[in-house]
Enquirer: 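The structure's right below; bear with me while I get my questions together.
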Amino acid sequence: MADWALITGASRGIGEATAARFQQAGWRVMNVSRKPCPVLGVVNVAVDLAVPGWEAKLAPALEAGPGTGGGRLCVVHNAALYEHDDALSMDADHLRRVLEVNVVAPLVLNRLARPLLTDGSSILYVGSTLSEKAVKGVASYVTTKHALVGMMRATCQDLAGTRIHTACVCPGFTDTEMLREHLGPDAAVRASVEGMTTFGRLIAPGEIADVLFTCATTPVLNGAVLHANLGQVER
Ligand SMILES: NC(=O)c1ccc[n+]([C@@H]2O[C@H](COP(=O)([O-])OP(=O)(O)OC[C@H]3O[C@@H](n4cnc5c(N)ncnc54)[C@H](OP(=O)(O)O)[C@@H]3O)[C@@H](O)[C@H]2O)c1
């Protein structure tokens, strides 16, 4: 009986490291993103979560993969857009696109995965430090990451009595392309961000993957918001 991890955005970064972590522990892994996951053995379903209707392509793959197992299924809502924008001037279509990937896609995926969530299964959300605070210039990201905490709490309540658990892991500054693209090429900017953790370094994607794996296998964390940020220095 195979256990499966169904991860969105495992083509790089935290998602890729999470795919590797689950696979190392003997789980089968399915990635949902536009590009494939580089980890050998991962089943890839190429969809663009920003384009409504993607679930029609995923449904048969789920049937053929996790649907055949009967083991645990861990759904990891990891894919996200991180855009520079402003709460007072944001265009509505821009916000709708970010909402589609960051908030609507996890809800659609939950509905699709629900029949496959057996005893011991889990739904994990990847939030952010910005799930519970805001900084300037990333309003759609802050808004959608706060929404994920609400969604996780609603998930916990709506799954009561099912022996399926949920949690939201909130990474801090993690060394991935998302962060590198956001910071730009200036080494001084990177150094200043490193100085914003109490350890003076960025988090490795594998460290977040370890936390996600722990959540998947630790039902007592049901309903928890876990900050995995090396301790952020507050200014
Ligand atoms: N890195 C950090 O410092 C940091 C901090 C806090 C929270 N996080 C959170 O951690 C998660 C992973 O972040 P990361 O840093 O690993 O990001 P990343 O390197 O940018 O990876 C993002 C992943 O999301 C997928 N994705 C983006 N748009 C998509 C779309 N339209 N359809 C399908 N997949 C899409 C990408 O796959 P394709 O391009 O192949 O589609 C990619 O695999 C995100 O939820 C992020 O908000 C990251």
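Hydrogens, waters and symmetry mates are skipped; everything else that's a heavy atom, side chains included, is used. Small disclaimer: the values here were computed from a predicted structure and weren't measured.
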Enquirer: Apply the test side-chain contact (heavy atoms from CB on, under 4.5 Å) to residues Val126 and Leu212: give CA-CA distance (whole Å), side-chain angles for both, the deciding distance (0.1 Å), then the verdict.
Expert: CA-CA 9 Å; Val126 180; Leu212 285 163; 4.2 Å; yes
Enquirer: Would a distance-only check, ignoring hydrogens and angles, find a side-chain to backbone donor-acceptor pair under 3.5 Å from Ser121 to Cys74?
Expert: no
Enquirer: Check Leu116 against Gly67 and note the closest heavy-atom contact, atom names and distance.
Expert: CD2-CA, 3.7 Å
Enquirer: Find out whether Met30 and Pro66 are in side-chain contact, i.e. whether some heavy atom of one side chain is under 4.5 Å from a heavy atom of the other.
Expert: yes
Enquirer: Answer with yes or no whether the hydrophobic clustering places Met151 together with Leu99; edges join I, L, V, M, F, W, Y residues whose side-chain heavy atoms lie under 4.5 Å apart.
Expert: yes
Enquirer: Taking everything shown except Arg201 itself, do over 12 heavy atoms lie less than 6.0 Å from its CZ?
Expert: yes
Enquirer: His165 side chain to Gly223 main-chain N or O, any donor-acceptor pair under 3.5 Å?
Expert: no
Enquirer: Would you check if the side chain of Thr218 reaches a backbone N or O of Val220 as a donor-acceptor pair within less than 3.5 Å?
Expert: no
Enquirer: To the nearest 0.5 Å, what is the distance between CE on Met90 and CD on Glu83?
Expert: 10.0 Å
Enquirer: Going by atom types alone, do Ser140 and Asp85 pair a side-chain donor with an acceptor below 3.5 Å?
Expert: yes
Enquirer: Just by distance, do the side chain of Asn78 and the backbone of Thr8 share a donor-acceptor pair under 3.5 Å?
Expert: yes
Enquirer: Taking all non-hydrogen atoms of both residues into account, name the closest pair between Val101 and Pro106 and its distance.
Expert: O-CD, 3.6 Å
Enquirer: Any side-chain donor paired with an acceptor under 3.5 Å for Thr155 and Tyr125?
Expert: yes
Enquirer: To the nearest 0.5 Å, tell me how far Phe173 CZ sits from Arg190 CZ.
Expert: 12.0 Å
Enquirer: Measure the spacing between CD1 of Ile164 and CG of Asp119 and express it to the nearest 0.5 Å.
Expert: 8.0 Å
Enquirer: Could you tell me if His227 and Gln232 have a donor-acceptor pair between their side chains, going purely by distance under 3.5 Å?
Expert: no
Enquirer: When you group the ILVMFWY residues by side-chain heavy-atom contacts below 4.5 Å and let the links chain together, are Val211 and Phe199 in the same group?
Expert: yes
Enquirer: Find out if a path of hydrophobic residues (ILVMFWY) with successive side-chain heavy-atom gaps under 4.5 Å connects Val45 to Val108.
Expert: yes
Enquirer: Keeping Thr166 on the side-chain end and Ile123 on the backbone end, is there a donor-acceptor pair under 3.5 Å?
Expert: yes
Enquirer: Given the rule in the side-chain contact (heavy atoms from CB on, under 4.5 Å) test, do Thr162 and Arg114 qualify, once you have shown the distances and angles that lead to the verdict?
Expert: CA-CA 11 Å; Thr162 64; Arg114 177 64 188 95; 3.8 Å; yes
Enquirer: Do Ile7 and Val169 share a hydrophobic cluster (ILVMFWY, side-chain heavy atoms under 4.5 Å, transitive)?
Expert: yes
Enquirer: Looking only at heavy atoms, which two atoms of Leu124 and Cys215 are closest? And how far apart?
Expert: CD2-CB, 3.8 Å
Enquirer: Check whether any side-chain heavy atom of Lys145 lies under 4.5 Å from a side-chain heavy atom of Glu132, and answer yes or no.
Expert: no
Enquirer: Report yes or no: does Asn102 contribute a side-chain atom to a donor-acceptor pair with the main-chain N or O of Leu81 at less than 3.5 Å?
Expert: yes
Enquirer: As an exercise, state the distance from OG1 of Thr198 to CD of Glu234, rounded to the nearest 0.5 Å.
Expert: 10.5 Å
Enquirer: Regarding Asn110 and His77, do their side chains bring together a donor and an acceptor under 3.5 Å, going by distance alone?
Expert: yes
Enquirer: With sequence neighbours excluded, give me every salt bridge (charged side-chain N to carboxylate O under 4.0 Å, His left out) pair touching residues 8-32.
Expert: Arg12-Glu177, Arg12-Glu181, Arg21-Asp210
Enquirer: State yes or no: do Leu107 and Leu95 share one hydrophobic cluster built from I, L, V, M, F, W and Y residues joined by side-chain heavy-atom distances below 4.5 Å, directly or via other members?
Expert: yes
Enquirer: Mind checking whether Thr129 and Lys133 have side chains closer than 4.5 Å, heavy atoms only?
Expert: yes
Enquirer: Minimum heavy-atom separation for Ile203 and Ala228, please, with both atom names.
Expert: CD1-O, 3.5 Å
Enquirer: Would one find more than 12 heavy atoms of other residues, nucleotides or ligands at under 6.0 Å from atom CD of Glu63?
Expert: no
Enquirer: Under 3.5 Å, is there a donor-acceptor pair between the side chain of Thr143 and the main chain of Ala139?
Expert: yes
Enquirer: Asp175 vs Arg180, test: salt bridge (charged side-chain N to carboxylate O under 4.0 Å, His left out). Steps then yes/no.
Expert: CA-CA 7 Å; Asp175 194 5; Arg180 290 192 286 272; 2.7 Å; yes
Enquirer: Parallel, tilted or perpendicular: which describes the rings of Trp27 and Phe22, with under 30° parallel and over 60° perpendicular?
Expert: perpendicular
Enquirer: Looking at Gly172, is its backbone amide N or carbonyl O close enough to the side chain of Thr174 to form a donor-acceptor pair, meaning the two atoms are under 3.5 Å apart?
Expert: yes
Enquirer: For Leu73 and Asp3, run side-chain contact (heavy atoms from CB on, under 4.5 Å): C-alpha distance rounded to whole Å, both residues' side-chain angles, the deciding distance at 0.1 Å, then the answer.
Expert: CA-CA 6 Å; Leu73 173 62; Asp3 294 322; over 6 Å; no
Enquirer: Find the distance between CG (Asp48) and NZ (Lys35) and round it off to the nearest 0.5 Å.
Expert: 10.0 Å
Enquirer: Just verifying a value: how many Å separate Leu109 CG and Leu49 CG, rounded to the nearest 0.5 Å?
Expert: 8.0 Å
Enquirer: Test side-chain contact (heavy atoms from CB on, under 4.5 Å) on Thr144 and Leu148 and set out the steps.
Expert: CA-CA 6 Å; Thr144 55; Leu148 282 189; over 6 Å; no
Enquirer: Could you check whether any side-chain heavy atom of Val135 comes within less than 4.5 Å of a side-chain heavy atom of Leu130, counting everything from C-beta outward?
Expert: yes
Enquirer: Measure the shortest side-chain to side-chain distance between Val39 and Val29 over non-hydrogen atoms and say whether it is less than 4.5 angstrom.
Expert: no
Enquirer: Could you tell me if the side chain of Leu202 sits less than 4.5 Å from the side chain of Leu179, heavy atoms only?
Expert: yes
Enquirer: Would you confirm whether Ser33, through its side chain, and Gly9, through its main-chain N or O, come within 3.5 Å as a donor-acceptor pair?
Expert: no
Enquirer: Of all heavy-atom pairs between Gly195 and Val233, which one has the smallest distance, and what is that distance?
Expert: O-CG2, 3.8 Å
Enquirer: Which atoms form the tightest heavy-atom contact between Ile14 and Thr18, and what is the distance?
Expert: O-OG1, 2.7 Å
Enquirer: Ignoring hydrogens and angles, tell me if any N or O in the side chain of Gln23 forms a donor-acceptor pair with the backbone of Leu40 under 3.5 Å.
Expert: yes
